[in-house]
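Reading through the structure tokens given below for one structure.
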Number of protein chains: 2
Amino acid sequence: MGSMQTQDLRSEPVSPAALRLPHLEAGWQRQGKLWSTLKELCALLRIPVTSTMTDDDLLFQHVQFKTGQRIHTIGQPFDTLYIVHSGFLKTVLIDEYGNEQVLSFPMKGDLFGVDGIHTRRYPSEAVALSNCDLVLLPFKKFVALGRSYLELEHAMYSVMSRELVREQAMVSMLGALSAEARVARFLVSLSERFADMGYSSKLFNLRMTRHEIGSYLGLTLETVSRTLSAFNEIGLITVDQRSIGICDVEALRTLRRLPPSTTRNRQAAGRKARQLPQPLVDAAPAAPGDPATWDQLMSA
Amino acid sequence: MGSMQTQDLRSEPVSPAALRLPHLEAGWQRQGKLWSTLKELCALLRIPVTSTMTDDDLLFQHVQFKTGQRIHTIGQPFDTLYIVHSGFLKTVLIDEYGNEQVLSFPMKGDLFGVDGIHTRRYPSEAVALSNCDLVLLPFKKFVALGRSYLELEHAMYSVMSRELVREQAMVSMLGALSAEARVARFLVSLSERFADMGYSSKLFNLRMTRHEIGSYLGLTLETVSRTLSAFNEIGLITVDQRSIGICDVEALRTLRRLPPSTTRNRQAAGRKARQLPQPLVDAAPAAPGDPATWDQLMSA
DNA sequence: CGGGTCTTTGATTAGGTTCAATAAGAGTGG
DNA sequence: CCACTCTTATTGAACCTAATCAAAGACCCG
């Protein structure tokens, strides 16, 4: 953590030739530390690289964090933005009673720390869920850079706007969707992120606990666990602890609510029998992939 | 609406002089409040005004909208940001089944349209809930201005960051708070906004329907209505249709959940009687300000 | 191996939704 | 000005989803 204040490369001239060796995907190495060029940064953030950004003398320092370490804490003075180069994190708000509210799970290519700009203090804290390699983007340096690289400034607006849209989608999800739909969409978006990063979109490990997922989705950890089990039972996914296999993305993507399980069917039938006697179907458990069951899964 | 496309400053050479008010065949009215200076804009947005911004030739056009009119629609190409000079609006997302999700209720001093920057199309739509007077801020013109007025650019980051923090608070609220707490906080924040704007914080009219409030808070309109009635019954507020009187802000601010109402007490007593017979208290309605009732209202 | 954390699963219940009926306004046009 | 309609708000009753409480297994790490 102490190393965070040391990054002070300013505009010190460095011989480009001496540093011309790209270090795989891990950025440049200098003084035992990793550095990234502006171009690499843009690529990471998925924003267009322009011809004016070919200045390889301009470098951004990386910092490593180990699992469980805090990147910044609530109330800490804001001065730098972070871009995830590798690893997984969570950002959380702590309410007045000490309860955590998970806001996001930043991973490769994500920017965080933006919420500190306004109050000049971070209102949230960021914690590494795995070992992480982060690129430091000192805010002042960044603003200054915007003057030399005009497109960069626009890119920043774009990235912040993207974050805003993401939060809006989150609000919409929390406001309108059932527990099952939330978990389903969460899995789909994770799957897509893993695909983006070059991992398998079909089989991956969750980096966060059920509790953290629940907090993120506005659910309890039990509901998350139960929902995953239910998805597993009807063959949408496979679950084994943190390991998730996606079997039917399309179903997950469009799922609104789950059909009643067999045990709850019995209860429901019992209740409804009073009003509407219906053909008594003996409790044969629905086949996992039964098409008759599928339609009920999907949204109207 | 057609006037929105008229000022086109592109990203050409950026001398402040080039940005001064465009031609204007017909005499423009500064008295009719159809135009605002940069200083006025900063004041509106609650951001610091610097000495360099004293150029009164630089003007921003206003546009009026009547109740019910749409300012921008979903999918419409993005090109301008809006600042509310007066009036009330809502911004909504429409999901794949046509359901509205209210995202915000912009009012005086609020900026909206920011979510369109990233995709270059508005992902949401904005609707006037009352007659409105908006300041147009063509995005390209604004970006160009950032070069001449350095503080303006920083202010923009700050405002966007503020929006992000607001959304985070929203997510946190939706994820963690009870219906009653949501409604209570909504009323408090409205009250504070009205105070900011110079109106009474104790007595005001809601500009939105119960349905819109419910959508914003992730609740049904019935729950909103019931909750307001409950607050009214215990003397926290007065309600008469759209007119709201705030009686106890502090109680609203810290409220977590409501004590069971007298009618529900009877039901609950009936249920619990089986397990735990308790002193039968005849249904005398609780006095509106009964201190014994207060403590239960507050958070642990 | 043992203690802590994380996960699964069951039983119960509370909070909020849904459905339904009524009332109260706000326009509109005769 | 009143009848008519449409939207908005209130209130009740039944139901259902997800939270809560509880207990037992699985996993991890020193």
Side-chain angles (χ1 to χ4, degrees), chain A residues 66-68 99 129 174-183 205-215 217-233 238-244 256-276, chain B residues 67-68 99 129 174-183 205-215 217-233 239-244 255-272 274-276:
Chain A
K66 296 212 198 93
T67 306
N99 305 314
L129 297 179
L174 292 176
L177 295 191
S178 70
E180 286 128 6
R182 293 185 210 179
V183 175
N205 283 316
L206 299 174
R207 301 322 206 283
M208 60 296 280
T209 69
R210 303 286 192 264
H211 181 77
E212 286 160 344
I213 297 173
S215 171
L217 297 177
L219 303 170
T220 60
L221 66 95
E222 293 98 328
T223 299
V224 173
S225 178
R226 267 187 253 274
T227 305
L228 290 176
S229 297
F231 287 172
N232 180 53
E233 258 180 58
T238 63
V239 189
D240 178 46
Q241 299 288 120
R242 301 266 179 118
S243 160
I244 299 282
R256 301 228 100 187
R257 63 182 190 199
L258 230 41
S261 76
T262 55
T263 74
R264 290 175 73 193
N265 260 339
R266 278 187 230 112
Q267 298 173 350
R271 271 197 298 274
K272 290 192 176 175
R274 277 171 259 137
Q275 317 158 342
L276 186 82
Chain B
T67 304
N99 305 313
L129 296 179
L174 292 177
L177 296 190
S178 70
E180 285 128 5
R182 294 184 208 179
V183 175
N205 283 316
L206 298 175
R207 300 324 205 285
M208 61 295 280
T209 67
R210 304 287 192 263
H211 181 77
E212 285 159 346
I213 297 173
S215 170
L217 298 176
L219 302 170
T220 60
L221 67 98
E222 292 98 330
T223 299
V224 173
S225 177
R226 268 186 254 274
T227 305
L228 291 176
S229 297
F231 287 171
N232 181 54
E233 258 179 57
V239 189
D240 177 48
Q241 299 290 115
R242 300 271 179 110
S243 161
I244 299 283
L255 182 143
R256 303 228 98 190
R257 62 180 191 201
L258 232 41
S261 76
T262 54
T263 73
R264 289 173 72 190
N265 262 339
R266 279 188 231 114
Q267 299 172 350
R271 271 197 299 273
K272 288 190 177 176
R274 279 170 257 137
Q275 316 156 345
L276 185 83

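Within every chain, numbering begins at 1; the chains are lettered A, B, ... in the order of the sequence lines, protein sequences first and strands thereafter.
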**OP:** Mind checking A/Gly218 for me? I need base, sugar-phosphate or nothing, with any heavy atom below 4.0 Å counting as a touch.
**Re:**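 The answer is sugar-phosphate, as A/Gly218 gets under 4.0 Å only of primed atoms, P, OP1 or OP2.
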
What nucleic acid atoms does B/Leu219 come within less than 4.0 Å of, heavy atoms only: base, sugar-phosphate, or nothing?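 Sugar-phosphate contact only.
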
*Does A/Asp240 or A/Thr220 map to a spot on DNA chain D nearer the 5' end, using the closest nucleotide for each?*
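Nearer the 5' end of the strand: A/Thr220.
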
| Which comes earlier along DNA chain D counting from the 5' end, the contact point of B/Arg210 or that of A/Leu177, where each point is its nearest nucleotide? |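 The answer here is B/Arg210.
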
Check whether any side-chain N or O of [X] sits under 4.0 Å from OP1 or OP2 of [N], and answer yes or no.
{"X": "A/Thr209", "N": "C/dC6", "answer": "no"}
{"X": "A/Ser229", "N": "C/dT9", "answer": "yes"}
{"X": "B/Arg242", "N": "D/dT8", "answer": "no"}
{"X": "B/Thr223", "N": "C/dT17", "answer": "yes"}

- Message: Given 3.5 Å as the limit, does a donor-acceptor pair link the side chain of A/Thr223 with the main chain of A/Gly214, or not?
- Response: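 Between the backbone of A/Gly214 and the side chain of A/Thr223 there is no qualifying donor-acceptor contact (under 3.5 Å).
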
* Asked: Between the side chain of B/Ser215 and the main-chain N/O of B/His211, is any donor-acceptor distance below 3.5 Å?
  ->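 Checking the backbone N and O of B/His211 against the side chain of B/Ser215, no donor-acceptor pair under 3.5 Å is found.
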
Nucleotide nearest A/Gln241 (side chain, heavy atoms from C-beta), chosen from C/dT7, D/dT10, C/dG16: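 Closest nucleotide to the A/Gln241 side chain: C/dT7.
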
Checking only heavy atoms, does the side chain of [X] share a donor-acceptor pair with the base of [N] at less than 3.5 Å?
{"X": "A/Glu212", "N": "C/dC6", "result": "no"}
{"X": "B/Glu222", "N": "C/dC19", "result": "yes"}
{"X": "B/Arg226", "N": "C/dG15", "result": "no"}

**Report entry** Axis bend over the full length of the helix from C/dC1-D/dG30 to C/dG30-D/dC1, computed from five pairs that close each end, to 10 degrees
**Finding:**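 Comparing the axis at each end, I get an angle of 40°.
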
